[in-house]
Amino acid sequence: MQKELGKSYDPKQVEDKIYQIWEDSGYFNPDNLPARHKKPFTIIMPPPNANGSLHIGHALFVTLEDIMIRYQRMQGRKALWLPGADHAGFETQVVYNKKLEKEGRSFWEIPREQLYEEIKKFTLDNKQYMEGQLRKLGASCDWSREKFTLDEDIKKVVYETFKMLYDDGLVYRAERPVSWCTKHQTTLSDLEIKHEERQDKLYYVNYQLEASGENIEVATTRPETIPADIAIAVHSKSKWRKYIGKNVINPINGQKLPVIADENVDPEFGTGALKITPHHDPLDFKIYNDHKGEIPGKPISVINQYGKLTEAAGKDLAGFKVKDARVKAAEILSASFSKEPEDYTHQVSVCYKCGTTIEPRVMMQWFVKMTEKSINRETEKQRNRETSLRDLAVDAVKSKKIKFIPHRFEKIFMHWMKNLYDWNISRQIVWGIRIPAWYHEPKCIPKVGHEGDVVKCKEMVISETEPKCEFCNAKFVQETDVFDTWFSSGQWPFATLMTTKKGDFEKYYPTDVMATAYDILFFWVTRMIMFGTYRTKKAPFHTVYLHGLVRDKDRQKMSKSKGNVINPLEVADVYGTDAVRMALVIGTTAGNDPIISEDKIRGYRNFATKIWNASRFVLMNYRELKAKPKFTSADKKNLKDLQTAKKKITAYMDKYDFNHAAETAYHYFWHTFADKVIESSKDRLRSENEADTAAAQSVLLEILGESMKFLHPFMPFITEEIYQNLPNKRKSLIMIAKW
RNA sequence: GCGCGCUUAGCUCAGUGGUAGAGCGUUUCAUUGACAUUGAAAAGGUCGGAGGUUCGAUCCCUCCAGCGCGCACCA
């Protein structure tokens, strides 16, 4: 007979041992599953940022995905859960920057190569630590296929995609207005910008008309940029229309500025006249570009990368920080004010990491075209050239090839897709994948060749390795900018499967479910859909399951500074991983923020104890009997209730409603099986009537065994441990037992 | 400004076109018996407000109020 279960369940005694058994079994790798497992079921794990340790949010997605994988594995699917880690470019660099600050070292004084190596070590250490944590959480992922976003083969795929996009005209390099963080010294994408309400002044400045006493009144919040003004724009129907085509005088430096007409200027807002400062405002840049012919001046920049005014701003302003320069400029301009400055509340762009005001600058950067069709830069092979990246993604969702859980995110997705601008993918940071573009150095000077043709070297080449110029000996230097992390992680589903085992891509792609937090819907999910359909012509997954952000019992986001963080590994250590997993799943619906407290976890620890003791009771009372069981009508009803519960749970599982599946399992086990079935069996187990005892025993054993199975995806450790102690079971793992 | 949600028991949240559910908490009782990390029972809600559709609405529609979130180049 099997060994007796201990007096109480001790997760510490069980969890590591069980995980080891699973891992040794090889079944995490779908290729090793028994023959009954046929159709693949694939989840690519959202690779956690390798710049810290796992927090409760990670524990949530790990639990959800492990539930899906374990369920599908038991259902006979060839279940692949592919783990990974993300180098998380900018995020990690910010973390490392802070670490250096604490150590009293200066980020900016460390040479690029050294910094890269230091961050690499830091990241790899974290990565290794996190792998251990994933094991603790019970993640049944295939470690043999683990990938890291900086693996050489992954980088190769990313380079290829970049080249394809470039050849298709969907990637371009241009001088355009971008968002610059003066603290982190890099540009950021639109998504990395937050908007903050600020109290500022709105200044009303007179720009005097040339050779006239008349003025155009301009409202501005940024008088310090007036030296970079290049024109004044008014709406063709505004009160200023009579001045269109004339010149005004720049009130700071006396230069002549043409008055132009542009319909983007709202005649109702401010004074109805807009100063055009192309290098310090994106709208101004656009207006300037539309009116280049009418504007004689060249746009200049008067603010440098540190947010200080340059010489070009004039000696009165040069050297001042923007904020101080504004005060200074106001002083200089006071004679030109048409009225007193007003208090003005408006939204200002800030860096999402440090809150520093974003400085719009015009810089040479790399962009991905989101809304335009490709232009067939080369002519051969067909890719998805007929449509834009946006349309690829929108079509995938519209055609139901991809569906969202919960459904409402489909609307949010569409809304975001509607308002898309080109995506700046270059970052001036060290930690990341260098953009594989090489520039001819020095700049190519066209010369006459042998046949009299003008030979012009290629100024820029897209290449993984250093190219050679076909005409001269000049060196090519590599772009120093690196990719926005999301450019590479947006390729994760296919990049991983293209670089694991041979045949994996064909077998496991497209994947099934992408489960991740809703806050990276735009950063990540949309990009995966775009790049996935672009490169493979298939939607990378059919279901997007979006979960919420874990909050504490007062609905607060967890953060170290608030001191309300629940470390999943710490509480798992106290209450057991199974309890933490249950607490994360029950009461949590897709798309909503789960609320977790230690009390809640304690409650499910109690449930684990209940499971343990009910099992103990069943096994303690089990004895070999020769008598044939004689089932009573109550037995039959109990077995029928079991089937009903199983069906209900299965239906919830298939709907990705893990909350209700878990709750049903919990409720059935505790309040039906333990409270009713077990209670009513007590007398019968001690009865002289062996046929009746046998019936009672076999009902208990049957229900216990089945319960362990339907609880297994949620509480993998305790259920496996008990399953291994059941009599009359083949010595296999519950992990691959038939659902 | 545009968009998406939420408002149900003291708390945290589920849920359904047909006289409201769970967990925790509260109250009472029981218990040396697999489990005090227990069991039995109870109290507790006019399902945010006002209209409408319907035989019937907490659930569908409209409006209102409060709250939350996302997007956003009005100087």
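Throughout, protein chains are lettered first and strands after them, A, B, ... in sequence-line order, and every chain is numbered starting at 1. In this text, all values refer to a predicted model and were calculated from it rather than measured experimentally.
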In whole Å, measure the gap between the [atom1] atoms of [N] and [M] for me.
| N | M | atom1 | value |
| --- | --- | --- | --- |
| B:rA22 | B:rU16 | P | 16 Å |
| B:rU38 | B:rC59 | C1' | 38 Å |
| B:rC55 | B:rG17 | C1' | 12 Å |
| B:rG48 | B:rG68 | C1' | 15 Å |
| B:rA9 | B:rC47 | P | 10 Å |
| B:rU12 | B:rG51 | C1' | 32 Å |
| B:rG23 | B:rG3 | P | 41 Å |
| B:rC11 | B:rU19 | C1' | 27 Å |

In whole Å, what is the span from the [atom1] atom of [X] to the [atom2] atom of [N]?
| X | N | atom1 | atom2 | answer |
| --- | --- | --- | --- | --- |
| A:Ile586 | B:rC24 | CD1 | C1' | 13 Å |
| A:Asn592 | B:rG15 | CG | C1' | 13 Å |
| A:Phe413 | B:rC4 | CZ | C1' | 15 Å |
| A:His667 | B:rC13 | NE2 | P | 20 Å |
| A:Glu197 | B:rG1 | CD | P | 12 Å |
| A:Leu584 | B:rU12 | CG | P | 19 Å |
| A:Tyr668 | B:rA22 | OH | P | 19 Å |
| A:Asn659 | B:rU12 | CG | P | 17 Å |

Would A:Glu340 and A:Tyr204 count as having a side-chain donor-acceptor pair, cut-off 3.5 Å? no
For A:His660 and A:Glu663, test the side chains for any donor-to-acceptor distance below 3.5 angstrom and give the result as yes or no. no
Of A:Asn250, A:Asp229, A:Asn215, the residue whose pairing with A:Tyr207 passes side-chain hydrogen bond (donor to acceptor under 3.5 Å, both in side chains): A:Asp229
Secondary structure of RNA chain B per the Watson-Crick/G-U criterion (both distances under 3.5 Å; [ ] crossing, | other strand, . unpaired) is (((((((..((((....[..)))).(((((.......))))).....(((((..]....))))))))))))....
Distance to the ring centre below 6.0 angstrom and angle to the axis at most 45 degrees; does that hold for A:Arg176 and A:Phe367? yes
Test: A:Lys682 cationic atom under 6.0 Å from A:Phe617 six-membered ring centre, within 45° of axis: yes
What about A:Phe658 and A:Tyr652, are their ring centers closer than 6.0 Å? no
Output field: ring centroids A:Phe673/A:Tyr668 closer than 6.0 Å: no
Which part of the nucleic acid does A:Gly603 contact within heavy-atom distance under 4.0 Å: base, sugar-phosphate only, or nothing? nothing
What does A:Thr588 touch in the nucleic acid at a heavy-atom separation under 4.0 angstrom: a base, only the sugar-phosphate, or nothing? nothing
Has the side chain of A:Asp422 got a donor or acceptor atom that lies under 3.5 Å from a matching backbone atom of A:Met370? yes
Say whether, by atom type as modelled, one donor and one acceptor occur between the side chain of A:Ser687 and the main chain of A:Asp683 under 3.5 angstrom. no
CD1 of A:Ile232 to NZ of A:Lys275, rounded to nearest 0.5 Å, is 8.0 Å
Over 12 non-hydrogen atoms of neighbours within 6.0 angstrom of NZ in A:Lys328: no
Report, as a single string ordered 5' to 3', how protein heavy atoms within less than 4.0 Å touch nucleotides 31-42 of chain B: B base, S sugar-phosphate only, - not at all. ---BB-BSSS--
In B/S/- notation (B base, S sugar-phosphate only, - none; protein heavy atoms under 4.0 Å), nucleotides 68-75 of chain B written 5' to 3' is --BSBBBB
Carboxylate-amine/guanidinium contact A:Glu721 A:Arg616, below 4.0 Å: no
Pair A:Lys194 + A:Glu196: basic N to acidic O under 4.0 Å: no
